[in-house]
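The next block holds one structure in the form of structure tokens; read it before the comments.
Below, chain A is the first sequence line, B the second, and so on; all start at residue 1.
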Amino acid sequence: AQKVTQAQTEISVVEKEDVTLDCVYETRDTTYYLFWYKQPPSGELVFLIRRNSFDEQNEISGRYSWNFQKSTSSFNFTITASQVVDSAVYFCALYNAGNMLTFGGGTRLMVKP
Amino acid sequence: GAGVSQSPSNKVTEKGKDVELRCDPISGHTALYWYRQSLGQGLEFLIYFQGNSAPDKSGLPSDRFSAERTGGSVSTLTIQRTQQEDSAVYLCASSLGAGSYEQYFGPGTRLTVT
């Protein structure tokens, strides 16, 4: 069985602060994929990133960066210089041979001006 | 191009009635997924289609739930004899194929059972 845990249910920051969203996963598979999705107030889940279990290189995309560490089964997401538009619920998810995404409980990020 | 579309966007129904929710995936995407998002349960996987076949129905919560996909495109999720606990947002996603491809989600159908 697989499991994804996002221990932070809500985070509140002031604009321009950096914020890290934690994600810890459990799986017995050696091949798996990790995802982050954003769910803004409009409700639609927006794909942000996919990483496979063989690639532990960190990734940066603009103000977003992701840190994947197999040793700690973590795939954390950092937003640098946060903006009000970053306010959303962020979901970490795990995909393996079961052909489905297993989602964490989500972290609600509130960025205040 | 067009994304995943779902209809209706909102549905209010009385307990005991049947409902049908529709999903139109991105053109060319062969895999289609249904998920449910509710306050108490988070995001749960319901069923997955590769083409028209559904190799994995393990996520369907009861035999009142069924889904079909025709022509490798549009899918319908049917809930019979709805119960209040069925109230949730039902999300559909599609991807290029079964496997690790990223899944693209539709806007969802908010179902309220009164």
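- Between B:Ile79 and B:Asp18 the shortest side-chain heavy-atom distance does not fall below 4.5 Å.
- With respect to the salt-bridge test (charged N to carboxylate O, under 4.0 angstrom), the residues B:Glu102 and A:Arg50 qualify.
- Your options are B:Glu44, B:Arg110, B:Gln37, and the one with the most heavy-atom pairs under 4.5 Å with chain A is B:Gln37.
- In this structure, chain A has no heavy atom under 4.5 Å from any part of B:Ile47.
- Side-chain contact between B:Gln103 and A:Tyr37 is present, with at least one heavy-atom pair separated by less than 4.5 Å.
- A:Tyr32 does not touch chain B: none of its heavy atoms, backbone or side chain, sits under 4.5 Å away.
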B:Arg64/B:Asp86 under salt bridge (charged side-chain N to carboxylate O under 4.0 Å, His left out): CA gap, chis, key distance, verdict: CA-CA 10 Å; B:Arg64 296 185 294 104; B:Asp86 300 334; 2.8 Å; yes

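- In this structure, the portion of A:Gln39 lying under 4.5 Å from any heavy atom of chain B is its side chain and not its backbone.
- In terms of non-hydrogen atom pairs under 4.5 Å with chain A, the most contact-rich of B:Gly108, B:Gly106, B:Gly42 is B:Gly106.
- By the 30° and 60° cut-offs, the orientation of the rings of B:Tyr33 relative to B:Tyr35 is parallel.
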